[in-house]
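For reference, the structure is listed below as structure tokens.
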Amino acid sequence: QLAPSTAAAKLPDHLRLPVEIEVDAASVDTLELPGLAGHPLRNAQAHVHLGAEQGLVHRAEGMRFGVGPMQLSGDAQIGTEGTLPLRLRLEATQATQPEAQQLELPPWARALRLAWHARFDASGPLARFNSTMVLRAQGQRLDARAEVAPLQAWPLPRLDVHAEKLDLSSFIALAPATALTGDVRIEPISGAVGRAGALTAQAKLINERPGRWDQRGLPLRDIKFDLRAPTGAAGRIEVTKVLATLAAEGSDAGSVQGSGEWNAGKVRLQARLTQVRPNLLDPRLAAMTLSGPLSLSAQFAPDSGRAGQV
């Protein structure tokens, strides 16, 4: 078992080895890695070649291993000098081996059963590489492209995601049932001379299956939002615009538009409600129609839970 380090993460100057090692069929029954506590790799197998091409490349080909209910396969290599160029391909399906069948499946695996497939590709310098992910599952689609900077405060400085009929409850245990179609984009913007830049996020999503809260649905027909996170101010996110249409079981339940800010645990929101009918979102709420401005401020303390006022 590899113990996690407490030192600040940094990239090595090189990955060269004084010897060349090639193993035709390396195998490990169980391997626990930092960051995957409770999710060990099972039955890991690969052709491993350390110091290939006169020491310039480390390779692992024909990789196969299990993690929880997933079976993964693929190839990986990394350069040993310069920018440490990375190349990785992983494909994932649901595991069918006897040892995997004995595991208690998470909700997403029970919901999707064997009808899903995912692929992840990455390439580029280790400090900042490009990646793509493709997911297909029971009529759902998720396509993502990202620039990954693993040692930066914001490790995804650029992200493009397109979803079709995505059901969050299939993948996240406590998430509501949805059928989300739309796009999310994160990209950097340069600051003026002498000022730090920022990351912006825009999203436009349509929920084709709005439902009530008490039935584990999401009472939202569509949402658009713009966010901004200054790169020189960690822990600060500005919500420059939110526009949401509420609905459930085929009935419109009003709309909300507003803006706000999260800054080191402090939350400020300003919104305007238009014909919002809470009892359509959840029948346990009062039957009324709300229109007008709404202000919210709250303080989230890391040690004492949360405290706030509306």
TODO: Please examine the side chains of Leu135 and Gln140, heavy atoms only from C-beta on, and report whether any two atoms are closer than 4.5 Å.
DONE: no
- [ ] Determine whether Thr80 and His14 make a side-chain contact, defined as any pair of heavy atoms from C-beta on separated by less than 4.5 Å.
- [x] no
TODO: Would you mind checking if Lys204 and Asp183 are paired as a salt bridge, meaning a charged N to carboxylate O distance below 4.0 Å?
DONE: no
Task: Backbone of Thr178 reached by a side-chain donor or acceptor of Arg209 within 3.5 Å - done: yes
Open item on the list: Could you tell me if the side chain of Asn263 sits less than 4.5 Å from the side chain of Arg268, heavy atoms only?
Closed with: no
TODO: Inspect the surroundings of CZ in Arg158 and state if more than 12 heavy atoms from other residues, nucleotides or ligands are less than 6.0 Å away.
DONE: yes
Open item on the list: Under a plain distance cut-off of 3.5 Å, with no hydrogens placed, do Ser255 and Gln257 share a side-chain donor-acceptor pair?
Closed with: no
- [ ] State, yes or no, whether a side-chain contact exists between Val134 and Phe120 at a heavy-atom distance under 4.5 Å.
- [x] no
Task: Between Gln77 and Arg87: side-chain donor-acceptor atoms closer than 3.5 Å - done: yes
Task: His47 side chain to Asp24 backbone, donor-acceptor under 3.5 Å - done: no
TODO: Using a 4.5 Å cut-off on heavy atoms from C-beta on, say whether the side chain of Gln202 contacts that of Lys224.
DONE: no
TODO: Please determine if Asp143 and Arg136 form a salt bridge, counting it only when a charged side-chain N lies under 4.0 Å from a carboxylate O.
DONE: yes
Task: Sequence neighbours excluded, every pair satisfying side-chain hydrogen bond (donor to acceptor under 3.5 Å, both in side chains) that has a member inside residues 274-283 - done: Asp282-Arg284
Task: salt bridge (charged side-chain N to carboxylate O under 4.0 Å, His left out) pairs, two or more places apart, involving residues 65-75 - done: Asp75-Arg89
TODO: Side-chain contact test, heavy atoms from C-beta onward, threshold under 4.5 Å: evaluate it for Val256 versus Val242 and give yes or no.
DONE: no
- [ ] Would you mind reporting whether Arg59 and Glu53 have side-chain heavy atoms less than 4.5 Å apart?
- [x] yes
